[in-house]
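One structure is given below, encoded as structure tokens.
Fair warning: this is a prediction, and the values are worked out from it, not measured in the lab.
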Amino acid sequence: MMKTNSETGRKLTLVIGVYFIAKAILNMILGGGFGGIIYALIEAFALYTGLMYINYLLAVACVLGFVLNLKNNLTNLGSNWIYLVEGVIDLGCAFLLATNKDIKEHFTNKWTEIGDLFKK
């Protein structure tokens with residue numbers, strides 16, 4: 001088990017990971033594919049690890065997802081309003097991942113310690 005230097009940061013990233021999974025399930029119900037759930041599970045696991053710089057990588061992914069879908073979501077606002085709401089929440093998650101002191105402190109595990117993930 002890898003260590004965490006901030007229990008609060010780990011809890012916040014857990015909430016973000018659960019949001020990613022819930023969003024993927026909702027999107028699958030609304031007509032998306034199963035691949036989104038697999039991607040969300042990978043994101044949640046990456047958040048759990050606390051490996052250095054993962055928070056920034058996922059923050060960029062959240063912002064890119066918002067930006068790439070913004071035009072379509074605004075053009076079809078009547079039927080895509082829920083995706084626009086998801087995008088705004090994604091921006092909030094990105095902001096927290098990149099700027100929150102406790103979250104940044106959680107992401108201090110070194111990549112050379114990745115084998116510790118699987119130790120008891």
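Linking Ile, Leu, Val, Met, Phe, Trp and Tyr residues whenever their side-chain heavy atoms come within less than 4.5 Å places Phe34 and Ile42 in a single cluster. A single hydrophobic cluster is not seen to contain both Val18 and Ile21; linkage of ILVMFWY side chains at heavy-atom distances under 4.5 Å, directly or through other members, places them apart. Both Leu70 and Leu77 sit in one connected hydrophobic cluster of ILVMFWY residues. Membership requires side-chain heavy atoms under 4.5 Å apart, directly or through other members. There is no path of hydrophobic side-chain contacts, each under 4.5 Å, that joins Phe20 to Ile38.
Between the CZ atom of Phe66 and the CD1 atom of Ile89 there is a distance of 11.5 Å, given to the nearest 0.5 Å. In this structure, Leu30 CG and Lys23 NZ are separated by 12.5 Å, a value rounded to the nearest 0.5 Å. We find the OG1-OH distance between Thr108 and Tyr53 to be 10.5 Å, quoted to the nearest 0.5 Å. Cys93 contributes atom SG, which lies 10.0 Å from atom CD of Glu43 (distance to the nearest 0.5 angstrom). Between Ile54 atom CD1 and Phe45 atom CZ the span is 10.0 Å, to the nearest 0.5 Å. To the nearest 0.5 Å, atom CG of residue Asn100 and atom OG1 of residue Thr8 are 9.0 Å apart.
Within the 3.5 Å criterion, the main-chain N or O of Thr49 finds a donor-acceptor partner in the side chain of Asn109. The backbone N or O of Lys104 lies less than 3.5 Å from no partner atom in the side chain of Asn55, so there is not a single donor-acceptor pair. Distance alone, capped at 3.5 Å, places no donor-acceptor pair between the Arg10 side chain and the His106 backbone. Although no hydrogens or angles enter the test, the distance criterion places a donor-acceptor pair under 3.5 Å between the side chain of Trp111 and the main chain of Met52.
For Ala61 against Tyr39, the heavy-atom pair with the smallest separation is CB-OH, 4.0 Å. Taking each heavy atom of Ala94 and Val63 in turn, the nearest pair found is CB-CG2, 3.7 Å. Taking all atoms of both residues into account, the shortest heavy-atom contact from Phe107 to Ala46 is CE2-O, 4.1 Å.
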**Request:** Could you walk me through whether Leu12 and Leu97 pass the side-chain contact (heavy atoms from CB on, under 4.5 Å) test, one step at a time?
**Result:** CA-CA 9 Å; Leu12 288 170; Leu97 286 169; over 6 Å; no
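Looking at heavy atoms from C-beta onward, Cys62 lies out of side-chain contact with Phe95 at the 4.5 angstrom threshold.
Ion pairing between a basic and an acidic side chain is recognised when a charged N comes within 4.0 Å of a carboxylate O; Asp102 and Lys11 show no such pairing.
Exactly one of Leu57, Leu58, Leu64 qualifies for a side-chain contact (heavy atoms from CB on, under 4.5 Å) with Val60. That residue is Leu64. In summary, of the residues considered (Ile103, Val15, Leu91), a side-chain contact (heavy atoms from CB on, under 4.5 Å) with Leu96 occurs for Ile103 alone.
Residues in residues 46-62 take part in no salt bridge (charged side-chain N to carboxylate O under 4.0 Å, His left out) pair, two or more places apart or across chains.
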Name every donor-acceptor pair, under 3.5 Å, that has one atom in a side chain of residues 78-86 and the other anywhere in the protein, sequence neighbours excluded.
unit_1, atom_1, unit_2, atom_2, d
Ser79, OG, Asn76, O, 3.4
Glu86, OE1, Asn27, ND2, 3.3

